[in-house]
*Asks:* 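Dropping a structure here in structure tokens format, bear with me for questions.
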Amino acid sequence: MKKLLSMFLVVLLVSTMFVGCSDNNEEPKEEYVTVQDMYGNSIEIVKNPQKVACVSRTTYDFLIAFGLGDKIDGVYENVLANTWVQELNPTQEDYFAYEYNPSAETYISRDVDLIFSPEERITVELRKLGLPAMTVNHYGPEEGYDNQMFFLADLVVQLWGEDTEVVEKVEYWKNDITTTIDDITNTLDDNNIEEGKSIHYVRADKKDKGITYTENTRPYLEYIYRLLKVRTIGQDLESNKISAEELLVINPDYIVIGGIYQNGAVEASKVEPMNKLTAVKEGNVLTIPVGISQFEHPSSVASVFIKDQANKLYPELFDYDIAKLTKEAYKYYYNIDLTDEQTKNILEGKNPDGQYE
Amino acid sequence: MDNTNRMNFDMNKEKKRFLLFLVVGIVLLFITFCLSLIAGRYKMSLNQLVNAIFTSDASFDTERSVIMLLRLPRSISAILVGAALSVSGLIYQELFQNKLVSPDLLGVSSGAGFGAALAIILGASMLYVGLIAFVFGLLTVALTLGIAKLFSKNTALILLLSGVVVSGFMSSALSMVKFFADQETTLAQITFWLMGSFEYAKMEDLKLLFPLIFIGTTTLVVLRNRINVIALGREDAKASGVSYDVYKYILIVISTLLTAISISFYGVISWIGLVIPHIVRLAVGRQTQFTIPITIVFGGIFMLLADIICRAFTASEIPISAITGLIGTPIFIAILFLKKQVVKLDD
């Protein structure tokens, strides 16, 4: 009898606990959406994320441009250190500054819904710990960037698609890119321009590195220059450094200098033996604008970058008004009215004070 | 044959062998030097090389630039640094009577590495990176010597232990600096610096590098007979009327300066200071009056060869320590094997 009574009490207690759990005031369930990352992995992400860690340097600019600045929790510290970001500060927000590879505890303590990570190896480790991380960068998978151009734009629609303003901006950006690519490739085809010339991209994000530091995978830049019918020499290298002698052997037709230390690289190209390169001798050393984002990275101003490079590579075929286009893009995406001087500095790769870093 | 005659006979034999190796070494050094001017990614024939060097024909401008601005400075630098690190290694090995010692024993490499990394993350130019590396290299050795002094028995063993402890500390400090470095940019720069390279060698470097290494190595050549006595240990040195402590510190200072100056210009270069003295002893015996000049020559050859491999086969330059390690390890194992055979034969 005692046993029966004990069992009854236990059953009653457990039942009470379950009744307590099925409270009618339960919080609404979060809705999840399954998305694919750049590497084809399926990831479940909460729909309409409210706290995003933009640790990948190519994400901050996009989210702001698409009107999602209030969803950003923090940004990679080097992006925030960009003097143009400090000067123009499109959202006037004081974002948390993330390191390149913050600890999992940092993300957990900040309670983020989504992490845009810069490298797949970092993403994999974060995901093992149950964190909602996905890789977004300007390299893409091994086969190249060809199918990644709209990756982030499409992802934004998947995650924040209920916001019509966001969708509208994304569609505007995608149309702009498509039109730009079509215009340029059609013009090049009409003029029978074939891929043959070579270009050496100099990654001038280090001081005193001359012009031998580059990108050696098949990144976004390789895709853009392929559209422009020039071949990046970095894609054939074993590492992101090329020796001075190898550069003399390859002797590229063009040198294009990106990053924030452009001036140092431009000066280095004028010094012997680099001044023996055909690109230097023929004045084919180009520079890449730097604003809120470096134009050589995927960004809201991607179409301006493509047009700028088309102008520089084929001055006889293209004459886009890059200053006007830059001003329009900054107005549309960031609601910033650039002055003539600011525009000039951005296009010349200078900082807001009109100086080279 | 009595003992004195036998010793004279042995000495003459060693001297003849020394002269042979010296002549062969100098010839090899010259050949390797010429090879280093010809070899590289930018292919050029002997005819182009001669025209570029000995004529002012404008059609050889690019070849002239490659030789005079890229290959010549790095080849001379490689010879100087190879000689400096090898002879420093030999001096340390003789001084501490320990054949596993290398020139960074007292912490000069770890100290210089920490200094360079600190300078890199602070955004210093490469000139200051070298200067700060040099200062920290010397400060680290001073710290090692200071700690050793604290002990009443200031033996070679205490100095060795002190070097290990201080090196360990500086390595941890370096790890801390690397942790704070920007992973996208400066961390890679620090890593490359720590692996050494002659890629950025310039003729201007030689204005400082050449006199310092020349004076340092010449002093060691001049002192080679005394070093022989010092290598026998404190008691034997005293019995021979040589002030052991004075010479010990002079030799430590010279070797450390040679190492520090080399590292501060071209980064940390491993193995050469350990391996070359062993090869030389195998060739000409233990007498430092013979080993020091040969070490200088062999060190230059080894480093030149390593540098040619670094730059001639790949589009990007391979760090020098990667090559010295890859070549040095099998050579070191071969030496151990050969020495074992010699010991067996002696038995």
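So that the names make sense, note that chain A is the first sequence line, chain B the second, and so on, each numbered from 1. Every heavy atom of this structure was used, including side-chain atoms; hydrogens, water molecules and symmetry mates were not. None of the values given here were measured: they were computed from a predicted structure.
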*Asks:* Of the non-hydrogen atoms in B/Tyr42 and A/Val249, which two are nearest, and what is the gap between them?
*Replies:*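 Nearest heavy atoms, B/Tyr42 then A/Val249: CA-CG2, 3.4 Å.
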*Asks:* Quick one: pull up CD1 in B/Ile318 and CD in A/Glu238 and give me the separation to the nearest 0.5 Å.
*Replies:* 8.0 Å
*Asks:* Other residues, nucleotides and ligands only: do more than 12 of their heavy atoms fall within 6.0 Å of CG on A/Asp94?
*Replies:*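 No, CG of A/Asp94 has 12 or fewer neighbouring heavy atoms, counting only those of other groups under 6.0 Å.
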*Asks:* Do you know the tightest heavy-atom contact between A/Ile242 and B/Glu199?
*Replies:* O-OE2, 4.2 Å
*Asks:* Enter the distance from B/Leu187:CG to A/Asn101:CG here, rounded to the nearest 0.5 Å.
*Replies:*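 Answer for the CG-CG pair, B/Leu187 versus A/Asn101, is 11.0 Å.
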*Asks:* By a 4.5 Å heavy-atom criterion (distance strictly below it), what part of B/Arg64 contacts chain A: side chain, backbone, both, or neither?
*Replies:* neither
*Asks:* Where on A/Leu248 is there a heavy atom nearer than 4.5 Å to chain B: the side chain, the backbone, both, or neither?
*Replies:*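 Both the backbone and the side chain of A/Leu248 come within 4.5 Å of chain B.
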*Asks:* Looking at A/Lys276 and B/Ser65, what are the two nearest heavy atoms and their distance?
*Replies:*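 For A/Lys276 versus B/Ser65, the nearest heavy atoms are CE-OG, 3.3 Å.
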*Asks:* With rounding to the nearest 0.5 angstrom, report the NZ to OG1 distance, A/Lys241 to B/Thr314.
*Replies:*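 Between A/Lys241 NZ and B/Thr314 OG1, I get 11.0 Å after rounding to 0.5 Å.
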*Asks:* For B/Phe214, I'd like to know if atom CZ has over 12 heavy atoms of other residues, nucleotides or ligands within 6.0 Å.
*Replies:* no
*Asks:* Would a distance-only check, ignoring hydrogens and angles, find a side-chain to backbone donor-acceptor pair under 3.5 Å from A/Glu245 to B/Arg41?
*Replies:* yes
*Asks:* Using only atom types and a distance under 3.5 Å, with no angle test, would you say the side chain of A/Ser243 pairs donor to acceptor with the backbone of B/Ser316?
*Replies:* no
*Asks:* Which atoms of A/Asn78 come close to chain B, meaning under 4.5 Å heavy atom to heavy atom: side chain ones, backbone ones, both, or neither?
*Replies:*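 Contact with chain B is through the side chain of A/Asn78 alone.
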*Asks:* Is atom CE of B/Met203 surrounded by more than 12 heavy atoms (other residues, nucleotides or ligands) closer than 6.0 Å?
*Replies:* yes
*Asks:* Within the supplied structure, the quantity of interest is the number of heavy atoms (other residues, nucleotides, ligands) at a distance under 6.0 Å from A/Phe96 CZ; does it exceed 12?
*Replies:* yes
